[in-house]
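Heads up, the thing below is written out as structure tokens.
In this text the structure is predicted, and so the values were computed from the model without any measurement. We name chains A, B, ... by the order of the sequence lines, and we start the count at 1 in each one.
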Amino acid sequence: MEKSDADAPRTAASVPVVVRDQRVAGLPATAGIDPANFQESGVLLTMSAPRVRISDIARHDGQTVSIAGWLYNIRRSGKICFPLLRDGSGIIQCVAVKANLPEELFEALKDLTQESSLIVTGKVRAEARAQGGFELDVESAEIIQRVSEADPYPITPKDHGIDFLMDHRHLWLRSKRQAAILRIRHEVIKSIRDYFDNQGFTLVDTPIFTPAACEGTTTLFEVNYFDEEKLYLTQSGQLYNEANAMALGKVYCFGPTFRAEKSKTRRHLTEFWMVEPEMAYADLEDVKALAEGLVVYCVGRVLENRKAELEVLERDVKKLESVKAPFPRMSYDDAVKVLQGKGSEITWGGDFGNTDETLLTQDSDRPILVDRYPSEIKAFYFQPDAENDKLALGVDVIAPEGYGEIIGGGQRIHDPELLLRRLKEHDLPPEAFNWYMDLRKYGTVPHGGFGMGVERFVAWMCGTEHIRECIAYPRMLYRTRP
RNA sequence: UCCUCGGUAGCUCAACGGUAGAGCAUUCGGCUGUUAACCGAAGGGUUGUAGGUUCGAAUCCUACCCGGGGAGCCA
């Protein structure tokens, strides 16, 4: 039903403003205006206080400041109301007392709807009763847009189902939990980059359009490349990484990868982000050490810099604090024996299922490294074990708490004849790999690397049930929108 | 692709063969310290779609559509 509300938005161009300038309403202007504070928004605002972010609020105790944000929720009690203001960096409870404010302003605030955009100016006050320890005593406010009650913000503070939330993913990101996950994802990505950058790796990004299967078996998304040919979305940058490692020694690529697997589980996305380092003059042990170091470093950074977010997520940080080197190591052979001892039906030569991975790590407080898998279940490029050529020098890092394989990698074949033989055994057309063979022709060296799935790692850090929450806009078997 | 569970108000759910209800959200009223605030009232429904069984279907049956969980495969 339409409401005859003069303040309701009519067009996108005419932003309704209930209270634009409190000086009109007779409030005293506060000194200390710094134009630098207003450049961020690109809008000249007639504010009388420096603009701050909620994450910085502790440094402004006792000062009058402005916070630009959105109404997260509001609690009213007659002549006093408590708007919760969200600004992307945190949430702060504001206090608006009717007796201290112009009537027009108090009424506008009291009746404000969820997710309305507004800029609040007031005095920061330490307050034990408030979450976060600080409150803002409202002095003035500018309402940028009042959300219409005829079409209210759909995500209310109560429970919602996953289907509804995923349909509103673009709005769901505004909630506390989702914002915390995205900040932890950011921390993980930054720490991954710092880890490699600090050790002399060079970021060299690999193409997303690729001409053929890198690994043969895995399903690829096909793309029409003009009318010329079919290309595929990359499922790994590894083959290109090997070329880059021969050029720069130590490299990594970091970007989205695509797998057209019809997997419908809590650990699968069709589009996910992967970091893949590759090192020249490296063997399996070097790869294992690099992987272990990466995991320890990133977990440490999350613990150090994202305490507040882990708390929002109610993550048991003790489980993360125990992630220290060295990680337990075992061979595939031993892992199969351990699993059989625990009642798994796995036989030698089979790959681990998710239940196997969970069983394997259930007694460990940190990830475990499993190496030397049967060559038959691994890709064509794995270097065979010198002591048993039926085994591939591959390694997987399996995270605890049921998060499964987060890293997979190993040492690559450097011998040209062996590589050619493996291509044929895997029914791959050697002519498509001419450039890859060149790497074995011109100064071949032992080398290796791995890939780490970012969303799986973030899911583990956050303790989320499903990895779909660990990327802003997940792409899954039956979900491609928004 | 297979197995399994589900689709009822904007949202979360109840009713399980006999008059479709509750909480939240929205609207109106009350409340100066609330913490997913609370109290009172109002509006809000072609029960996923199409057939079928029945005196009578949200409820039972069939097909389809949409989604959740899992398997295989993988990071």
(message) Going by the rule salt bridge (Lys or Arg N to Asp or Glu O under 4.0 Å), which residues pair with A:R315 if we only count those two or more places apart in sequence or in a different chain?
(response) A:E401
(request) Kindly say whether, by distance alone, the side chain of A:T265 makes a donor-acceptor pair under 3.5 Å with the base of B:G69? (result) no
(request) Between A:P154 and A:D396, name the one whose nearest nucleotide on RNA chain B is closer to the 5' end. (result) A:P154
(request) May I ask you to check whether A:Q238 and A:Y381 show a side-chain donor-acceptor distance below 3.5 Å? (result) yes
(message) Classify A:L84 by what it touches in the nucleic acid, base, sugar-phosphate, or nothing, heavy-atom distance under 4.0 Å.
(response) nothing
(request) With sequence neighbours left out, write down each residue that passes ring pair (Phe, Tyr, Trp, His ring centres under 6.0 Å) with A:F164, or none if nothing qualifies. (result) A:H160, A:H168
(message) Can you tell me which nucleotide in B:G68, B:A75, B:G33 comes closest to the side chain of A:Q93?
(response) B:G33
(request) In whole angstrom, give me the gap between the C1' atoms of B:U34 and B:C38. (result) 9 Å
(request) Could you check how far CD of A:E276 sits from P of B:A75, rounded to whole Å? (result) 9 Å
(request) Would you mind telling me which of B:A25, B:A75, B:G33 lies closest to the side-chain atoms of A:R125? (result) B:G33
(request) Please name all residues satisfying side-chain hydrogen bond (donor to acceptor under 3.5 Å, both in side chains) with A:Q199, sequence neighbours left out, ordered by chain then number. (result) A:Y195
(message) Taking the P atom in each of B:C11 and B:G45, what is the distance between them to the nearest angstrom?
(response) 13 Å
(request) Provide the distance between the two P atoms, one in B:C74 and one in B:G6, to the nearest whole Å. (result) 32 Å
(request) Considering only atom P, compute the distance from B:A15 to B:C73 and round it to an integer number of Å. (result) 40 Å
(request) Check every strand shown and say whether A:A130 touches a base, only sugar-phosphate, or nothing at a heavy-atom separation below 4.0 Å. (result) nothing
(message) Let's see if you can work this out: which of B:G69, B:U34, B:G72 has an atom nearest to the side-chain heavy atoms of A:H466?
(response) B:G69
(message) Expressed as a whole number of angstroms, how long is the span from A:F352:CZ to B:G72:C1'?
(response) 16 Å
(message) So A:M274, base contact, sugar-phosphate only, or nothing? Heavy-atom distance under 4.0 Å.
(response) sugar-phosphate
(request) Using the test ring pair (Phe, Tyr, Trp, His ring centres under 6.0 Å), find all partners of A:Y373 that sit at least two apart in sequence or belong to another chain. (result) A:Y332, A:F352
(request) Select base, sugar-phosphate, or nothing to describe what A:K264 touches, counting heavy atoms under 4.0 Å on all strands. (result) base
(message) Just to be sure I understand the geometry, which residues of residues 156-165 of chain A put a non-hydrogen atom under 4.0 Å away from RNA chain B?
(response) A:T156, A:P157, A:K158, A:D159, A:H160, A:G161, A:I162, A:D163, A:F164
(message) Using a strict threshold of under 4.0 Å (side-chain N to carboxylate O), is an ion pair present between A:E115 and A:R86?
(response) yes
(request) Determine which nucleotide pairs with B:C74, using a 3.5 Å limit on both distances of a Watson-Crick or G-U wobble pair. (result) none
(message) Under 3.5 Å for both donor-acceptor distances, Watson-Crick or wobble: does B:G67 have a partner, and if so which one?
(response) B:C5
(message) I need the CD-P distance between A:E135 and B:U34, as an integer number of Å.
(response) 11 Å
(message) I'd like to know if the side chain of A:S331 pairs up with that of A:D333 as donor and acceptor (distance under 3.5 Å, no hydrogens or angles considered).
(response) no
(message) Does the structure show a Watson-Crick or G-U wobble partner for B:C31, both distances under 3.5 Å? Name it, or say none.
(response) none
(message) Taking pairing as Watson-Crick or G-U wobble with both contacts under 3.5 Å, can you name the mate of B:G17, or confirm there isn't one?
(response) none
(message) Please give me every residue in residues 471-482 of chain A whose heavy atoms get under 4.0 Å of an atom in RNA chain B, ordered by residue number.
(response) A:Y478, A:R479
(message) List the residues meeting salt bridge (Lys or Arg N to Asp or Glu O under 4.0 Å) with A:K307, not counting sequence neighbours, and say none if there are none.
(response) none
(request) To the nearest Å, give me how far apart CG (A:L101) and C1' (B:U32) are. (result) 13 Å
(request) Using whole Å, report how far CD of A:E345 lies from P of B:A71. (result) 14 Å
(request) Can you sort out which residues in residues 73-81 of chain A have a heavy atom within less than 4.0 Å of RNA chain B? Ascending by number, please. (result) A:N73, A:R75, A:R76, A:S77, A:G78, A:K79, A:I80
(message) Taking side-chain hydrogen bond (donor to acceptor under 3.5 Å, both in side chains) as the definition, give me every residue that meets it alongside A:D167, ordered by chain and number, with sequence neighbours left out.
(response) A:R479
(message) Among residues at least two apart in sequence or on other chains, which ones pass salt bridge (Lys or Arg N to Asp or Glu O under 4.0 Å) with A:D316?
(response) A:K319
(message) I need the CD-C1' distance between A:E149 and B:C28, as an integer number of Å.
(response) 12 Å
(request) Rounded to whole angstrom, note down the P distance from B:A57 over to B:G18. (result) 12 Å
(request) Tell me yes or no: between the side chains of A:T113 and A:S116, is some donor less than 3.5 Å from an acceptor? (result) yes
(message) If you only use heavy atoms from C-beta on, which nucleotide in B:C74, B:G33, B:G69 is closest to the side chain of A:R259?
(response) B:C74
(request) Sticking with atom C1', work out how far B:G23 lies from B:A36, rounded to a whole angstrom. (result) 12 Å
(message) Suppose we define a pair by two distances each less than 3.5 Å, Watson-Crick or G-U wobble; what does B:A50 pair with here?
(response) B:U62
(request) With sequence neighbours left out, write down each residue that passes ring pair (Phe, Tyr, Trp, His ring centres under 6.0 Å) with A:F201, or none if nothing qualifies. (result) A:F196
(request) Between B:G21 and B:C64, how far apart are the P atoms? Round to whole Å, please. (result) 34 Å
(request) Mind jotting down which residue pairs meet the side chain to side chain donor-acceptor pair (under 3.5 Å) criterion with at least one end in residues 284-303 of chain A? Sequence neighbours excluded, please. (result) A:E187-A:R301, A:D194-A:R301, A:E285-A:K288, A:K288-A:D371, A:E292-A:R329, A:Y297-A:R301
(message) Pairing check on B:G45: which nucleotide meets the Watson-Crick or G-U wobble criteria with it, both distances under 3.5 Å?
(response) none
(request) Determine whether A:T206 and A:N244 make a side-chain contact, defined as any pair of heavy atoms from C-beta on separated by less than 4.5 Å. (result) yes
(message) When the C1' atoms of B:A9 and B:C24 are compared, how many Å lie between them, rounded to an integer?
(response) 12 Å
(message) Rounding to an integer number of Å, can you tell me how far A:I467 CD1 sits from B:G68 P?
(response) 14 Å
(message) Can you see if the side chain of A:H168 gets near the phosphate of B:G10 - specifically, an N or O under 4.0 Å from OP1 or OP2?
(response) no
(request) Report the distance from atom NZ of A:K110 to atom P of B:C28, rounded to the nearest whole Å. (result) 9 Å
(message) From C-beta outward on A:K262, which listed nucleotide comes closest to its side chain: B:U34, B:A75, B:U1?
(response) B:U1
(request) Please give the nucleotide sitting opposite B:C24 as a Watson-Crick or G-U wobble pair, both distances under 3.5 Å, or none. (result) B:G10
(message) Between A:I467 and A:H268, is there a side-chain heavy-atom distance shorter than 4.5 Å?
(response) no
